[in-house]
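Data first, discussion second: the structure below is written as structure tokens.
The shown structure was predicted, so the numbers you read here are calculated from the model rather than taken from an experiment.
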Amino acid sequence: MTNYFLIGFMGAGKSTIAAELVKRTGKKLVEMDAQIVEEQGMSINDIFAQFGEQKFRDIESDLVKRIANEGNTIVSCGGGVVVRSENTETMKASGKIIFLTATPETIYNRVKDGNDRPILNGHMNVEYIAELMEKRRALYEAAADIRIETDGKDVGEICDEILEKCL
């Protein structure tokens, strides 16, 4: 059965929307970052610090392949999953890729109080977020089967829109 891969910048709402979609569809949930933390026995910050981004991306790619093989899953992807084209190809082959968008200001307001975003360490501001979002935007757009704007919408509205476009 089809997987739904939620992609987008950190703070776009992937985890929140994934949890609600699981309730509505009965599919299984995979929070990629949380699963990586559990399987590796260390935080993403620690993986980046100890082994570097390349190793983290390898771990992430392996997880994408496993999810694709299992099927029937709602996946809250890590923000950088689309950096590798092989991940996008694997996701497309096993389901729908849903790109959740939000403005840099919305993202900032959602993530500013956390310290679990290694890529933002020392750069927690709207300008830097906008810059990083712009660098990844083309990758997200190229990967996406469906694009959903999350600004000013509640979880229910976003899920309704996703399910309407996926069915």
Donor-acceptor under 3.5 Å (R57 side chain, R84 main chain): no
task: Would you name the heavy atoms of G71 and T73 that are closest together and state the gap between them?
output: O-OG1, 2.8 Å
message: Just so I know, are the side chains of T88 and I7 near enough to count as touching, which here means a heavy-atom distance under 4.5 Å?
response: no
- prompt: What do the steps show when you test M32 against I67 for side-chain contact (heavy atoms from CB on, under 4.5 Å), and what is the final call?
  reply: CA-CA 10 Å; M32 284 188 65; I67 293 165; 4.1 Å; yes
- prompt: Can you tell me if E141 uses its side chain to pair, donor with acceptor, with the backbone of A138 under 3.5 Å?
  reply: no
- prompt: Is there side-chain contact between F51 and Q40, with heavy atoms separated by less than 4.5 Å?
  reply: no
- prompt: Between I36 and F56, does a side-chain contact (heavy atoms from CB on, under 4.5 Å) hold up when you go through it step by step?
  reply: CA-CA 9 Å; I36 289 169; F56 174 78; 3.9 Å; yes
query: Quick one: are T150 and K153 in side-chain contact, heavy atoms under 4.5 Å?
result: no
- request: Give the C-alpha distance, both sets of side-chain angles, the deciding distance and a yes or no for side-chain contact (heavy atoms from CB on, under 4.5 Å) between L21 and L163.
  value: CA-CA 8 Å; L21 285 172; L163 292 172; 3.9 Å; yes
Atom of A102, atom of I107 and distance for their closest heavy-atom approach: CB-CD1, 3.8 Å
message: Tell me whether R137 is salt-bridged to E134, with the criterion being a basic N under 4.0 Å from an acidic carboxylate O.
response: yes
message: Could you check whether atom CD of E20 has more than 12 heavy atoms from other residues, nucleotides or ligands sitting under 6.0 Å from it?
response: yes
query: Nearest heavy-atom pair of A12 and L100: which atoms, and what distance?
result: CB-O, 3.5 Å
statement: Heavy-atom closest pair (C166 atom, I98 atom, distance to 0.1 Å) is SG-CD1, 3.9 Å
message: Within the 4.5 Å heavy-atom criterion, are I146 and I162 side-chain neighbours or not?
response: no
- prompt: Considering the options K135, R136, E60, which one meets the side chain to side chain contact (heavy atoms under 4.5 Å, CB included) requirement together with V83?
  reply: R136
task: Return yes if some donor-acceptor pair links the side-chain N/O of N87 with the main-chain N/O of V81 below 3.5 Å, else return no.
output: yes
query: Distance-only, no hydrogens or angles: does the K96 side chain make a donor-acceptor pair with backbone N or O of D145 under 3.5 Å?
result: no
task: Using atom types as modelled and distance alone, determine if a side-chain donor or acceptor of K27 lies under 3.5 Å from a backbone N or O of T2.
output: yes
- request: State, with a plain yes or no, whether a side-chain heavy atom of I129 is found less than 4.5 Å away from one of F9.
  value: yes
query: Going by heavy atoms in the side chains, are F5 and V30 under 4.5 Å from each other?
result: no
query: Can you check whether T103 reaches E149 side chain to side chain, under 4.5 Å on heavy atoms?
result: no
query: Is it true that E161 and K165 have a side-chain N and a carboxylate O under 4.0 angstrom from each other?
result: yes
query: Taking all atoms of both residues into account, what is the closest heavy-atom pair of K14 and G8, and its distance?
result: NZ-O, 2.9 Å
task: For K28 and N72, indicate whether the former's side chain and the latter's backbone hold a donor-acceptor pair under 3.5 Å.
output: no
field: Sub-4.5 Å side-chain heavy-atom contact between K23 and C159
entry: no
message: To check you understand the geometry: which heavy-atom pair defines the closest contact between V82 and A143, and what is its length?
response: CG1-CB, 3.9 Å
